[in-house]
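Everything on this sheet refers to the single structure shown next.
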Protein chains: 2
Amino acid sequence: MFEFFRKYLEDKISIAEADYQLIESVCIFKKLRKHQFLLNEGDVCTHSGFVCKGFLRKYSVNDNGIEHTVYFATENWWISDRQSLMNCTPSSYNIDAIEDAVVLLISKSNIEMLSEKIPAFKDMVNLILQRSLNATQERINYALRSTAEERYSQFLKSFPSLVHRAPRHMVASYLGITPETLSRIRKQISSK
Amino acid sequence: MFEFFRKYLEDKISIAEADYQLIESVCIFKKLRKHQFLLNEGDVCTHSGFVCKGFLRKYSVNDNGIEHTVYFATENWWISDRQSLMNCTPSSYNIDAIEDAVVLLISKSNIEMLSEKIPAFKDMVNLILQRSLNATQERINYALRSTAEERYSQFLKSFPSLVHRAPRHMVASYLGITPETLSRIRKQISSK
DNA sequence: AAAAATTCTTGATAAATATCAAGAGAAGTG
DNA sequence: CACTTCTCTTGATATTTATCAAGAATTTTT
């Protein structure tokens with residue numbers, strides 16, 4: 001499974017063979033069956049996850065028991081609760097598998113170790129951070145200023161492959177609308 | 001004016017006197033009168049800004065001429081268009097002064113230079129990045145899953161001092177609601 | 001393959017928020 | 001100080017989206 005991550009790295013940075021071995025030595029692989037959890041609300045997130053295979057989501061549950069999907073992750077995406085990881089505080093999110101998955105885990109301290117020993121790795125981590133921030137800010141813009149239909153269209157455009165893999169009600173909660181509204185929007189769009 | 005930034009830095013990192021001089025040598029100070037622009041839509045953002053004094057906002061204008069405030073910045077906050085800065089692409093945002101302001105500017109290349117020469121500076125930049133990402137993700141959660149009233153209450157809690165400094169319609173657009181709705185929400189809250 | 005559980009759609013109604021319009025207050029300008 | 005411009009509030013109405021309820025379609029389990 002390491003080859004997936006290796007390919008990802010080769011694509012982004014250029015490092016020595018010894019460094020790949022160092023990286024591999026701290027990777028932990030975790031298989032998840034559908035519905036199995038990678039992180040439970042209340043637990044402290046201790047590892048960053050890189051998705052080798054499968055499909056996961058991150059979500060919170062409000063007081064009324066309603067789930068709010070905040071993030072999807074598929075092959076070559078990272079997933080974790082950065083806030084919990086950074087501050088060692090209990091997470092307010094759950095992460096579980098939508099499809100059977102294999103996730104590569106690296107502990108917080110090993111991420112720091114690798115960042116120190118491999119400058120290019122550190123730069124990559126920072127680049128990812130910057131990209132995430134840009135994407136997240138883009139998403140805020142859409143969330144605040146667009147109608148439900150526009151948000152769904154944007155989602156389709158940004159993540160065409162996810163739409164078919166994610167159950168509709170999760171997409172709806174990602175967009176901040178109810179499943180019923182999403183169903184009506186889809187009907188409207190298809191009739192155009 | 002540099003002393004404002006120096007205090008900020010002293011609070012966050014520990015660096016040598018020579019480093020402060022290096023930093024100061026690349027700082028540019030810009031005074032802005034109310035309504036004056038720091039960045040215009042269409043221009044490439046070339047500098048990161050640190051607010052020494054005053055109050056600014058970042059906003060975009062949609063096809064109908066409606067302004068969407070995406071960010072406020074006051075003393076000790078950073079402001080820039082990260083996306084434009086990172087990719088050297090035209091910005092889709094405007095940044096202007098809500099109150100007379102003094103902004104300390106550091107060019108992209110000098111940020112990179114400082115990051116290289118002063119490791120603690122680089123770490124600080126990354127820490128800020130992480131914090132911004134956390135804050136931005138928090139904001140998405142609120143935007144998608146809360147009512148207008150909850151969003152306003154959260155804004156009050158997070159930025160009590162900004163509420164009095166920012167015109168209401170800018171707060172409204174920051175929250176993704178109309179000024180009229182904000183006005184009604186304020187009335188409701190005060191009658192409780 | 002049948003049964004059970006989950007997911008999706010549709011309709012009727014309710015609630016939240018936007019839009020349009022008008023006027024009151026406040027602040028900036030000559 | 002009077003005038004203009006901006007900002008904020010309030011009311012009436014329209015639109016969007018949520019909620020509740022039921023049934024159809026799909027998937028999972030037995």
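Bear in mind that the values here come from a model prediction, so they are computed numbers and not experimental data. Per chain, numbering begins at 1; letters A, B, ... match sequence-line order.
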**Request:** Please report the closest heavy-atom contact between B/Leu85 and B/Thr46, naming both atoms and the distance.
**Result:**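 Of all heavy-atom pairs spanning B/Leu85 and B/Thr46, the closest is CD1-C, 3.3 Å.
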**salt bridge (charged side-chain N to carboxylate O under 4.0 Å, His left out) between A/Glu116 and A/Lys122, intermediate numbers included** = CA-CA 7 Å; A/Glu116 229 173 276; A/Lys122 186 176 193 170; over 6 Å; no
**Message:** Does the plane of the ring in B/Phe29 sit parallel, tilted or perpendicular to the ring in B/Phe2? Use 30° and 60° as the thresholds.
**Reply:**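 Rings of B/Phe29 and B/Phe2: perpendicular, over 60°.
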**Complete:** One would report the end-axis bend of the helix from C/dA1-D/dT30 to C/dG30-D/dC1, five pairs per end and rounded to 10 degrees, as 50°
**Item:** Heavy-atom check, side chain of B/Arg139 versus side chain of A/Leu144, under 4.5 Å
**Value:** yes
**Request:** Report yes if the side chains of A/Asn94 and A/Val61 come closer than 4.5 Å at any heavy-atom pair, otherwise no.
**Result:**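 Sidechains of A/Val61 and A/Asn94: in contact.
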**Complete:** The side chain to side chain contact (heavy atoms under 4.5 Å, CB included) partner of A/Met113 among A/Ile118, A/Val26, A/Ile106 is A/Val26
Could you pull out all donor-acceptor pairs under 3.5 Å where a side-chain atom in residues 9-19 of chain A meets a protein atom, sequence neighbours excluded?
from    : atom 1 : to     : atom 2 : distance (Å)
A/Glu10 : OE2    : A/Arg6 : NE     : 2.9
A/Glu17 : OE1    : A/Arg6 : NH2    : 2.9
A/Glu17 : OE2    : A/Arg6 : NH1    : 3.2

**Interface limits on DNA chain D, where chain A has a heavy atom under 4.0 Å of a nucleotide atom** =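 Range of nucleotides within reach of chain A: D/dT17 to D/dT28.
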**Request:** Tell me whether the OP1 or OP2 atom of C/dG28 has a side-chain N or O from B/Lys34 closer than 4.0 Å.
**Result:** yes
**Asked** Please, which pairs that meet salt bridge (Lys or Arg N to Asp or Glu O under 4.0 Å) have at least one residue in residues 35-54 of chain A, sequence neighbours excluded?
**Response**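 As it turns out, there is no salt bridge (Lys or Arg N to Asp or Glu O under 4.0 Å) pair with a partner in residues 35-54 of chain A once direct neighbours are skipped.
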**Request:** Please list residues of residues 167-182 of chain A whose heavy atoms come under 4.0 Å from any atom in DNA chain D, ordered by number; otherwise none.
**Result:** A/Gly176, A/Ile177, A/Thr178, A/Glu180, A/Thr181
**Message:** Determine whether the aromatic ring centres of residues A/Trp78 and A/Phe5 are separated by less than 6.0 angstrom.
**Reply:** yes
Contacts under 3.5 angstrom, residues 152-159 of chain A side chains, donor-acceptor by atom type, not counting sequence neighbours:
from     : atom 1 : to       : atom 2 : distance (Å)
A/Tyr152 : OH     : A/Arg186 : NH1    : 2.9
A/Ser153 : OG     : A/Glu149 : O      : 3.1
A/Gln154 : OE1    : A/Tyr142 : OH     : 3.0
A/Gln154 : NE2    : A/Ser158 : OG     : 3.3
A/Ser158 : OG     : A/Gln154 : O      : 3.0

